[in-house]
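Within every chain, numbering begins at 1; the chains are lettered A, B, ... in the order of the sequence lines, protein sequences first and strands thereafter. Just so it is clear, the model here is predicted, and its values are computed rather than measured. Computed over heavy atoms, backbone and side chain alike; hydrogens, waters and symmetry mates excluded.
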Amino acid sequence: MLRWILGGREAQGSVEKNPVLFIGEEQPKNWFTELQVLKGHFDIVRFLVQIDDFRFASAGDDGLVLVWNVETGERLLELRGHSQQITAMTAYTHTSGENTHTSLITASSDRTLSLWDPETGNRVQTVSDLQSSVKCLLVLERLCVWVSGGNELCVWNRDFQLQCQSQHHHDTGISAMVELPKNCIAAAMDKDIVIFRLTMSTGSRLSVAEVRRLSDHQDSIHALININDGLFASGSHVGELILWDAVDWTIMAYEHILWEESQTDTQAEIRLAAPKPSEMSIQQLTSDGELMVAAVGSGLYVYSVITKSVVAYRKTAHDSNVLHTMLLPDGGLMSCSEDGSVRIWEMQDLLLPAEPASAGFFGMWTFGRSNKQAGPPVKKVLELPSLRTLELTGDLIGHSGAVQMFVSFGEKGLVTCSTDHLLIAWKNRERESHLRSLALFRKLEENGGL
Amino acid sequence: MIGSPDVLAFTSEGDLGGYPDVQVLPEEFSLPLLPLSHPWTSPAHFNRDFILVAEFSEQVGPLPVRTIPDDPRVIGSFDLNHFSLRIMSVDYQAAAPGPQPHHQTASPSLQTLPRLAFSEDSRVVLGDSKEGAFAYVHHLTLYDLEARGFVRPFCMAYVSADERKIMLQFQELSLRFSRASECLKTGNRRAFARELQRKLHDLEYTRSILQAALQRISNESAEIREEAELQKTANELASVDRSILDHRSLLHQVTSYPNRKLKDPGFLPYDPSLIPETLPLTPDPPSPSYTPQLVSGASLGGGGWSARRFDRRLKPLEELSDCYFLSLTLEQLGNAERRLRGDQSVLHNRRITHRLSRTLSHTQFLFQLWDQEEEEDLEEEGAGLEGGSGMMSHPVAGAGPPSLESFFSCVEEVSIKLETGSGGAEPTLDPEGVTAETRPGSASSGDSIEVLGTERSYRTQGLTHVELRELSGGLGQGEGCDVVRSCAPAEVWMRRDMRSLARRANSEDSIEIISTSDSIFPDDLIFNAITEEEPEEHGIMGSVIKEEEEEAAGEDTPIQQHSTLGIVVHEEEQTRHQRILGNIVQMEGKEELEDTPTRLHRTLGIEVRELEEEKPERWDTPAPLSEPQRTLVHQVSVEGSSQQYEGHHANGEVRGQAGRDSRRVVVPDLQVNFSIPLRLDVRGRGSGGRRLLGDTPYRLSVDEASDCMSNISTSPSSSLPPTHLHGNHSASNPRRHQRQRRKAGPGALRFLRQNSFSQNAVFCLLSGRPLVVIGGEEGSVRRTVAALSLYLPSPGRYGDAVQPYLATPLQLTDLLTWRLIGIHRTSPTAPSMLHSLARYGRYLAVLDLDQRTLRSPAYHGHLIGRLANPHTLIGRGSTYLLHVESCLAELTAKAFLFSCSPDLSTLTSGRAQSSPGGQAPPICHSHSDLQLPSLPREDDDFTLTQRRRDFLCGRGFSGEDDLRVMHFLSDLIKQHHAGSGPPALRFSYSAVPLHRNTTT
């Protein structure tokens, strides 16, 4: 076993001890200086899906799917049809010739699946009377099919015809799916990761079969992501983070994140019982192929896939559970939490690299790739220069409930959705002002006057 | 014949030979030799301008019918009866009807039938200098079957203490009164037609009875009856027949009234769709329940010209006109009164604001510096007023050039016998030289016929005013029935360059006719209105304050200002003299003026010569020529009386103020000592007690002082009974808005004075940071919110962006809706409220009234310093309001420039840009497609930015904060005109220190 015992360092001690991280009002690096409140939902908004570079869809517990224009904040469409809460939504892009058309697939607790055309708002296809409600959706663009995961895994083609489905699994059902090479799909079912393989039989008929079941997690798996072509990762409720080889499904790295309570307890003390499991629960994982961010409890954990080592971490990044994270292109990251805030972090090199981070804080037991079960754990002290700190550079306060998710449109802004039924579009005031100027000038030109 | 003191108002030094170079001085810059009197007082006994409707009753003579507003406090101690006498004894017969024998010979059958004369209204401005009352008088006649000649002369007069105001507002008065009059007359024709029909029914019924009787008599007469009986009945029948014919003729005339005016949609005084019956003049059939009455012989003569019976009750106005039209008329008059409320400066300001604001409608939404509704109203009226040609074609024909055609067309069915006037102008050369028009004496007023001569004359270039002395009595003193009217040549009218002051004397009357209707040009009016700069305040102040206070406090009782004080002495014989100012027309251009005299000579002939003859005399003696002693005497006496009224009026004010001071809680440090010289030399009949009162200085709080200033502006006082019946509710909102605005002025001034951090608060509002006012006392929270709302940009048409009392915990969406929020600290939701305040603290500024603190970003700049200077020397709230409005207007203009200039609007406010490294914000100028063409690309950003900054610095911007204000205002403008989507909350991450109030 290989574990991380993460503890506070001296440099961060003061911050870490303060449960409420407060940045203050002056945030020069925070460029979100304008907000728009997008109203339209009547219940918790849980999902945001980007359609193209200026449109996105939002869905939530009210069964509504709303399509918005992020540039103006206007609500473009209101897709009504589901009678119960939306459980999954994804964009479905298919290319016919030169035209790329993006549709929306939604799944709801009313056991229906719908395909929407976000141009017209029409409900193009719908499937009802499913055996179970779908919890996750996965589009396999290569195969021109999409997969729904509930208590069973179903494969559908573009026209909403069921191609094949797996047998009924146990009640927990599939909570997450990722696409793997060689037509494989990894699906998280409670504590297991099940690998399915799609095969094209004669007559272009698809079939799906379970090929492997990976049972290395001790607790239910909350997060399952693709990192790059060769790796995928999963995180469990008790803080287990496992990197898998995408081809042969072996463990590349196994980390158990423990937020070390006591600094005096420096060495190798595995205190499994000390923290509550929820504090270590990995709610979400995100990766840009090199770095992986895990939302662990109310903390953040940045892991380098390449060096297979921790890069930065902060135990108390939020006042409450972190629900969604995102790596920013400039090396920062963003997180949102149940406490209603969005925080923007910057990874900074340690100001005092000479200061030793006591080895006890970071313990790592590395298993050989093949000897998962056997072999003594080899403890490595992390290379100190590689460790960086997460500095809070800004926060976005606006929601009065948990921020469920956000989606970024780059410089056009950021959209957050929340349990307070609202969406907020955060933008750059300078840019918006400039755009408004252009709009004004354009209007002046068109009309020859106001 | 004798110049009254009022002449002084129109006399500049040039007239008296004081300065030789006065000729080059435009009249606008020349000062009267002597100050009139105290400018804030007037000898008038009424407290405010009002509209008087009077009638020349054939039984009792002139009598007032009603006033608008119908409030004794407005009228004060003014003698309405007396004034009615004066205004009704003027020119109303000018177009009065009479039997028309002349050109009706073509239809001999109608020759003996009575004719209705559809006379045109006449307009005249006259004044009574002794009373200090001047009036625009609009004479009209209404039809009444029972009246003599079927006509009842009425007039509607706008009575004001300021004759200049009347002159300047003549055009508007004429337009509005014409509409009202047209309305009233339409209703009257309906009522008259109805009455005629009823009468016809009666007559026909009577005839049938008589015929039956005649039949019976003729049957019986062979045996018993005498011939006399038969003859009598036959006569009666013939008389009834005749009467029927007469009435039918009348009915035909009245129903076939040429409605050309009503066809002009622009003029239509009413909404035709609102009128239940078909219009215009189809008389209603008598209701079935109506039973015809037997018409007695006495009234058979056709009503109108039968023997008069003086015990008969004359119909009141309500019966003379359709009730719909009557109410419409009154509403229009009420509107006119409301619109013209206030003194010249107010009207002048309003007009200028209106004229300027029309071009600024793109930014009006920002601070709503003028009333949108009023704007629309003005817009509608502007078509009539400002377009001179439109005016001419309007039925207000009297204001236009009196061409021969228009003369015929406006006095319809009245044959006009044209005679060449005394001037002897050649009719062929000069068709407008109809200097005299002789009309048959009007049937209605043969006993009191006025002789009026209007003489037009001109000033030469060197004179600012030429006072013309009329040929003594030659024209003016005639006792006959002839109305002599001299008209100016048409070219001169067209040129509009005439600047003359004609005097017309009527020695037997104490009425000054300052102007007749055809002497004002629209352009001149406008010109006057603009050049007239001197704000004048009238004695209406006192009453106005009183009104305002009553409205504000709601508990005051009307202060009896005049009931105890006014001892009005009417001595008609004192003011025997009068002057008639024909035209006081401002000159517009020199070059026009230069060729005036030549044409003058050509066209005016004799009169001009007389003018020249008189000139030397004028120069020699300031006193008028004829009866010089009397003039002097009267000057003195009139002056004395006016001074007395002044004092009396001042007393009224003082009393009002004193009463209020005791009632109100006055913030001590806000009291201002007014140094209005109340010490008046009360000569003549002034009593010592009054003087004592007048000597005491009085104090006003800022509120009161401002109220009395600002109240003169637009809004109607709600304490007065509403005179209009069809008041629409929507109009009340902007008015209320304006009213709140006026009250916000002193509040804002107080806020500035009392809080050291006031500029920061204003900055927050102007830069779009929502300001929360929190306090324990609800009233003070509301007051502060109202005061600060003055600075709130884009408050919404109905103040949508202001929430004076927020009861629920603050949410983010609230910040997008409201930018000025009042919160009551002791409300039950206060704890959660405070929590939400803390949460959204970065977006807010919090003004705590209890602890006198403000948590907001600090302001460093110059822009707001002028706007909200705590050390301002402005003492009155209303003055400050004007100051704020002008500052805001300037700011608006800058913001507009800022948003419409590509170079400026791309200038970033700096903070985000200046942050080095880190997460560089995606600034837009990195994209070439967003690059504006006007931006020179070779310039690097720094110099460009620097240039822009320099540009702004030259215009009073001194830093980031000023730029931030500009950005916000400019964003609002952009959003307003080109924006889409939901509103955005713009904010900045800056420190929000807590400012404590250091002002004690």
Side-chain angles (χ1 to χ4, degrees), chain A residues 23-39 68-69 71-75 328-332 340-341 344 346 348 393-395 397-400 410-413 420 422 424-425 427-444 447 449-450, chain B residues 361-362 809 811-813 815-816 836 839-843 857 899-902 904-909 911-927 930 932 934 967-968 970-971 973-993:
Chain A
I23 181 176
E25 303 299 345
E26 285 184 279
Q27 306 175 7
K29 294 180 185 174
N30 185 355
W31 55 268
F32 295 104
T33 47
E34 179 174 316
L35 64 85
Q36 274 177 313
V37 175
L38 315 182
K39 284 183 273 194
W68 307 84
N69 181 344
E71 289 171 350
T72 62
E74 287 169 308
R75 190 200 309 173
L328 297 173
D330 55 8
S341 68
I344 306 163
E346 197 176 277
Q348 292 175 346
T393 59
D395 61 346
I397 294 176
H399 286 293
S400 56
E411 65 173 13
K412 283 180 183 165
D420 62 3
L422 297 178
I424 298 182
K427 298 176 180 180
N428 183 1
R429 175 180 178 169
E430 314 283 350
R431 184 178 185 276
E432 294 303 311
S433 177
H434 183 80
L435 290 176
R436 277 189 288 265
S437 284
L438 290 180
L440 185 71
F441 299 147
R442 201 176 306 124
K443 192 175 176 190
L444 279 170
N447 302 351
L450 284 176
Chain B
S361 57
H362 296 316
Q811 290 179 339
L812 187 67
T813 46
L815 299 182
L816 287 153
S836 64
R839 178 167 180 82
Y840 297 118
R842 66 171 54 173
Y843 307 125
S899 24
C900 287
S901 125
L904 292 178
S905 54
T906 51
L907 181 57
T908 60
S909 70
R911 295 211 178 178
Q913 204 183 30
S914 63
S915 70
Q919 293 165 305
I923 294 291
C924 30
H925 55 62
S926 60
H927 293 256
L930 294 182
L932 291 162
S934 58
H967 269 293
F968 178 63
S970 150
D971 269 346
I973 291 173
K974 293 175 210 162
Q975 183 80 30
H976 186 81
H977 290 294
S980 52
L985 176 69
R986 299 149 187 110
F987 48 90
S988 56
Y989 301 100
S990 51
V992 276

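With a 4.5 Å cut-off on non-hydrogen atoms, B:F987 touches chain A through its backbone and its side chain both. Using a 4.5 Å cut-off between heavy atoms, B:L816 contacts chain A through its side chain alone, with no backbone atom that close. For chain A, the nearby part of B:P983 is the backbone; its heavy atoms alone come within less than 4.5 Å. Neither the backbone nor the side chain of A:K427 comes within less than 4.5 Å of any heavy atom in chain B.
Distance check: B:L985 CG to A:T33 OG1 gives 10.0 Å after rounding to the nearest 0.5 Å. To the nearest 0.5 angstrom, B:R842 atom CZ is 4.0 Å from A:D395 atom CG.
Shortest non-hydrogen contact noted between B:R839 and A:G340 is NH2-O, 3.4 Å. For B:K974 against A:S437, the heavy-atom pair with the smallest separation is NZ-OG, 2.8 Å. Here the closest heavy-atom approach between residue A:G73 and residue B:P982 is recorded as O-CD, 3.0 Å. Between B:A991 and A:E26 the shortest heavy-atom distance is N-CG, 3.3 Å. Across all non-hydrogen atoms, the minimal contact from A:S433 to B:D971 is OG-OD1, 3.1 Å.
For B:S836, there are no side chain to side chain donor-acceptor pair (under 3.5 Å) partners at least two apart in sequence or on another chain. When the salt bridge (Lys or Arg N to Asp or Glu O under 4.0 Å) test is applied to A:R429, no partner is found at least two apart in sequence or on another chain.
Comparing A:R75, A:E71, A:H399 by how many heavy-atom pairs each has under 4.5 Å with chain B, the most go to A:H399.
In this structure, B:L812 and A:L35 have side chains that are in contact, with non-hydrogen atoms separated by less than 4.5 Å.
Not one N or O on the side chain of A:Q27 forms a donor-acceptor pair closer than 3.5 Å with the backbone of B:Y989. In this structure, the side chain of B:Y843 engages the main chain of A:I397 through a donor-acceptor pair within 3.5 Å.
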